[in-house]
2 protein chains.
Amino acid sequence: MSDSDHGRRTIRDVAKAAGVSISTASNALNGTGRTNAETREKVKRIADELGFRPNALARGLLTKRSHAIGMLTNDTYGRLTLPMAAGVSEILVDHGVSLFLCATNNDPRLAKLHLDALLDRQVDGIIFTATRIDLEPPPELLKLRIPVIYAFAQGPADSVSFHPDDAQGARIAVQHLQALGRSRILHITGEQNYLAARLRADAYRELVGSSGQVMFGEWSEEWGHSAIDEVYSQSGPKPDAIFCGSDEIARGVIDALRDRGISIPDDVAVVGFDNWEVVSKQTRPPLTTIDMELKELGHRAGLAILGLSRGEKLEPGVERLPCGLVVRGSA
Amino acid sequence: MSDSDHGRRTIRDVAKAAGVSISTASNALNGTGRTNAETREKVKRIADELGFRPNALARGLLTKRSHAIGMLTNDTYGRLTLPMAAGVSEILVDHGVSLFLCATNNDPRLAKLHLDALLDRQVDGIIFTATRIDLEPPPELLKLRIPVIYAFAQGPADSVSFHPDDAQGARIAVQHLQALGRSRILHITGEQNYLAARLRADAYRELVGSSGQVMFGEWSEEWGHSAIDEVYSQSGPKPDAIFCGSDEIARGVIDALRDRGISIPDDVAVVGFDNWEVVSKQTRPPLTTIDMELKELGHRAGLAILGLSRGEKLEPGVERLPCGLVVRGSA
DNA sequence: GTGAAAGCGCTAACAG
DNA sequence: CTGTTAGCGCTTTCAC
C-alpha cells in the first residue's frame with residue numbers, strides 16, 4: 001500500500017503479498033523449479049489480484065531473449081509486404097512475441113539505422129521482406145549472429161527464404177483457361193527484369209508450347225491497355241484467353257477489350273495475378289485471378305523465425321508456397 | 001580476446017580496453033557528468049573500434065524509458081494506417097525510438113493481447129489509429145498511465161487526436177472546381193454514417209449553397225458508376241463538375257461518364273479524395289484529387305507521442321491537419 | 001520445497 | 001574529473 005499507485009507491481013510485491021520469497025514467486029509463476037502446488041496457486045492468484053505483469057525488459061536482459069523480432073521492409077506502402085506483416089504479427093502474438101516494423105524506403109542509411117536499433121534491442125530474429133523476390137537484402141544482414149529469414153526476397157545461399165510459387169501460380173492460371181477449352185492463350189506481363197515475371201512466363205510457355213506468346217511490358221494498367229491495342233492492330237489470329245501478370249494489367253486488358261466490343265469471358269477469358277481486391281473485385285466482370293497467399297507466407301516466415309530463434313534447425317533454401325486460384329467472372 | 005566472438009561487446013569491455021572505469025565509460029559515451037574531452041574521445045574511439053552498442057534492454061530497465069512506442073491499429077494494414085505507420089516510424093527512428101506494430105483486426109481479444117504485450121515491454125507511449133475517424137478506441141486505452149495519441153481515430157475528451165481536415169479538404173476541392181468556372185457541382189460520396197463523409201458534405205454545402213446536391217452511398221467504384229446512371233436517367237439540369245468522396249468512387253464516376261460519351265474535364269470536371277495513387281493515376285484522364293497527407297499525420301503523431309513521453313504538455317483536442325490538392329487531368 | 005545471493009548490462013548518485 | 005557503490009526487475013544456481 002505504501003508505494004501504491006505509481007509504477008507497476010513487481011514480482012517483489014507479489015512475493016511480499018504472498019508471504020514467500022522472490023525466487024519462490026518466480027518459480028511459481030513460471031512453473032520452473034519445484035514448487036508446492038498450493039503455494040503455486042496462491043502466488044498465481046495474488047499476482048492476478050495485483051495485476052502483476054512481468055517486466056519484459058528485465059526478463060530479456062537476463063534470459064537473453066527479448067521475445068521481439070524485427071521486420072525490415074524495403075518499401076513503405078507495399079501492398080505486398082503488408083499482408084505479410086499482418087501474417088507474421090498474427091502468428092507471433094500468440095507466442096508472446098512482438099514485432100518491430102521498420103520501413104527502409106529503399107534508403108541504405110535508414111536500413112542501417114533500423115538494423116542497429118533492432119540489434120540494440122536484442123531482437124531474437126529478423127525477417128527481411130521486399131517488393132520483389134529478386135531484391136538483394138542489405139549486406140549487413142549476412143553477418144548477423146541472430147537468425148534471419150527472407151520473405152519475398154532473395155537470401156544468400158545457406159539462408160531460409162519463402163517465396164510464392166510463381167511457376168505453380170502461372171500453371172494453375174493457364175490450366176484453368178485450358179480446362180475452359182481455350183487454346184490460343186496470350187500472356188501479357190510486367191517487366192522482364194523481374195524474376196517473378198520470368199518464372200511465370202516460363203511456366204506458361206511450358207504448358208502452352210510453341211503457340212505461346214509472351215508480351216513483357218510494365219506493371220501497369222496502361223500497359224495492359226496498350227498491349228491489347230497492339231495485338232488487335234496487327235493481323236493474324238486473335239487470342240481466346242489472356243493470362244495477365246498482374247491484376248492491374250488485367251484491368252487494362254479488360255477495359256481495352258470491352259472498348260473493342262469483345263465479350264469477357266465469352267470471346268476472351270482473362271485471368272489476373274495478385275488478387276488485389278480493390279482491383280480484382282472492381283473490374284467488369286470481376287476478375288478471376290491468382291492469390292499469392294501472402295498472409296500465409298507471413299505465417300510461415302513468422303513460424304520459421306520463431307523456430308530458428310529457439311535453436312531449431314531449418315532446411316536452407318527457397319521454399320515456394322502454393323498460390324491459389326480465385327474464380328470470379330472473367331474466366 | 002578471451003570472451004572473443006560470441007555475444008556482444010559490453011560497456012565493461014570498452015572500459016577495460018580504454019583503461020577507465022565502467023562509469024567513466026558510460027559518462028563519456030553518453031556525454032553525461034563531467035568528463036575530460038581527451039578521455040571522452042578515447043573511450044568513444046575504442047567503443048567504435050570494438051563495435052560496441054549499448055543494450056537497450058539494460059538501459060531501459062534502469063532509465064524506465066524503453067525508447068519504443070506501440071502502434072495499435074484496428075485493421076489489418078489498410079491503405080490508411082500504413083502510410084501513417086511509415087510516417088511515425090520515419091520520425092521516430094531519428095530519435096532512436098522504435099515502433100511496435102500491432103494489428104488488432106478489430107478483434108477485442110487481440111487488442112487486449114497486444115496492449116498487454118506493449119505494456120510489458122514498457123513502451124513509452126501508444127498511438128492508436130483506425131480506418132475511420134469516428135471509431136472508438138478500446139476502453140482499456142483510457143486508463144493507461146503512459147501517454148496515448150489518437151491518429152485518424154476518436155480519443156476521449158481530454159486526449160490528443162490528429163485528424164485530416166476533411167472540411168478543408170472538401171473546400172479546396174470545391175474551390176478548385178469553382179475557380180474553373182463550374183457552378184453546378186454535384187457531390188457523390190460514401191456512407192452517411194461516416195463522420196468524414198458528413199464533414200466533407202457539410203463543407204461542400206456551405207460553399208455551393210442551395211444548388212448543392214449530395215448523394216450518399218458506398219465507398220466503392222460501383223457506387224460511383226450507379227450514381228451517374230441515376231443522375232443521367234433523370235431529367236433536369238446536369239452537373240458540370242463532380243466532387244467525389246473517394247478516388248474509387250471517382251473512378252466509377254469517370255468510367256460511367258466516359259461510357260456516356262461525356263468528356264472529362266471539358267463537359268464535367270471530376271475531383272476525387274484520397275490520392276490513392278494506384279487508382280488516381282490510372283483513371284483516364286488521371287484524377288485530380290485531395291491528398292490527406294497521412295505520412296505527415298504520422299509525423300505529427302510520432303512527434304506528439306515523443307513529446308508526451310518526455311513529459312511535455314500538449315493541448316488536448318482534435319488537431320486537424322490540412323489536406324492538399326493534387327491536380328492531374330480530370331479537373 | 002523454499003529462500004538467500006549473485007548478476008544480466010547499464011546508469012546515477014556520491015565520494016575521492 | 002574519475003572510480004566505487006548501489007541498484008533497475010527478474011531468473012537461476014545452490015544451500016538449507
Side-chain angles (χ1 to χ4, degrees), chain A residues 3 6-44 46-47 50-68 96 116-117 119-124, chain B residues 3 6-44 46-47 50-68 96 116-117 119-124:
Chain A
D3 53 345
H6 64 315
R8 304 176 61 167
R9 311 269 111 144
T10 75
I11 197 169
R12 192 193 233 87
D13 299 330
V14 176
K16 195 184 294 176
V20 297
S21 78
I22 291 182
S23 50
T24 303
S26 172
N27 279 333
L29 291 170
N30 299 314
T32 53
R34 301 143 303 184
T35 344
N36 185 346
E38 205 169 316
T39 42
R40 183 164 52 240
E41 286 319 309
K42 181 176 180 190
V43 169
K44 282 188 169 174
I46 301 219
L50 257 45
F52 167 75
R53 310 225 85 224
N55 181 323
L57 263 36
R59 178 178 278 181
L61 182 57
L62 203 46
T63 61
K64 312 239 168 267
R65 308 206 60 239
S66 64
H67 295 278
D116 282 345
L119 296 176
D120 293 354
R121 298 194 139 75
Q122 318 293 116
V123 292
D124 298 335
Chain B
D3 54 345
H6 66 315
R8 305 176 58 168
R9 310 268 108 134
T10 74
I11 197 170
R12 195 193 232 85
D13 300 330
V14 176
K16 196 184 295 173
V20 297
S21 79
I22 292 183
S23 54
T24 303
S26 172
N27 278 334
L29 291 170
N30 299 315
T32 53
R34 300 145 302 182
T35 342
N36 184 346
E38 207 169 314
T39 42
R40 182 165 54 238
E41 286 319 309
K42 181 177 178 188
V43 169
K44 281 188 168 172
I46 300 220
L50 258 45
F52 166 76
R53 310 227 84 226
N55 182 322
L57 264 37
R59 177 179 279 180
L61 181 56
L62 201 48
T63 61
K64 311 244 171 261
R65 308 206 60 239
S66 65
H67 295 278
D116 282 347
L119 295 176
D120 293 354
R121 297 196 140 76
Q122 319 291 118
V123 292
D124 298 334

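As a basis for the values below, the full set of heavy atoms in this structure was taken, side chains included, without hydrogen atoms, waters or symmetry mates. So that the names make sense, note that chain A is the first sequence line, chain B the second, and so on, each numbered from 1. As the structure is a prediction and not an experimental result, all values here were calculated from the model.
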Legend entry - Residues, nucleotides or ligands: over 12 heavy atoms within 6.0 Å of B:Arg65 CZ: yes
Inset, instruction - Taking only Lys NZ, Arg NE, NH1 and NH2, and the carboxylate oxygens of Asp or Glu, determine whether B:Asp120 and A:Arg8 approach each other closer than 4.0 Å. - result: yes
Inset, instruction - At the 4.0 Å heavy-atom cut-off to chain B, mark where contacts on DNA chain C begin and end, going 5' to 3'. - result: C:dG9 to C:dA15
Inset, instruction - Treat primed atoms plus P, OP1 and OP2 as sugar-phosphate and everything else as base, then score nucleotides 8-16 of chain D 5' to 3': B for base contact with protein heavy atoms under 4.0 Å, S for sugar-phosphate contact only, - for none. - result: BBBBB--B-
Legend entry - Any donor-acceptor N or O pair under 3.5 Å, side chains A:Asn27, A:Thr32: yes
Legend entry - D:dT2 phosphate, OP1 or OP2, under 4.0 Å from B:Thr39 side-chain N/O: yes
Legend entry - Donor-acceptor under 3.5 Å (B:Arg40 side chain, B:Ala28 main chain): no
Legend entry - From CA spacing to verdict: side-chain contact (heavy atoms from CB on, under 4.5 Å), A:Ile46, A:Glu41: CA-CA 9 Å; A:Ile46 301 219; A:Glu41 286 319 309; over 6 Å; no
Inset, instruction - Could you check if a side-chain atom of B:Phe52 sits within less than 4.5 angstrom of a side-chain atom of B:Ile11, using non-hydrogen atoms only? - result: yes
Legend entry - Residues which pass side chain to side chain contact (heavy atoms under 4.5 Å, CB included) with B:Asn55, listed by chain and number, not counting sequence neighbours: A:Leu61, A:Gln122, B:Leu57, B:Ala58
Inset, instruction - Decide whether B:Ser26 and B:Ser23 meet the rule of one side-chain donor and one side-chain acceptor closer than 3.5 Å. - result: no
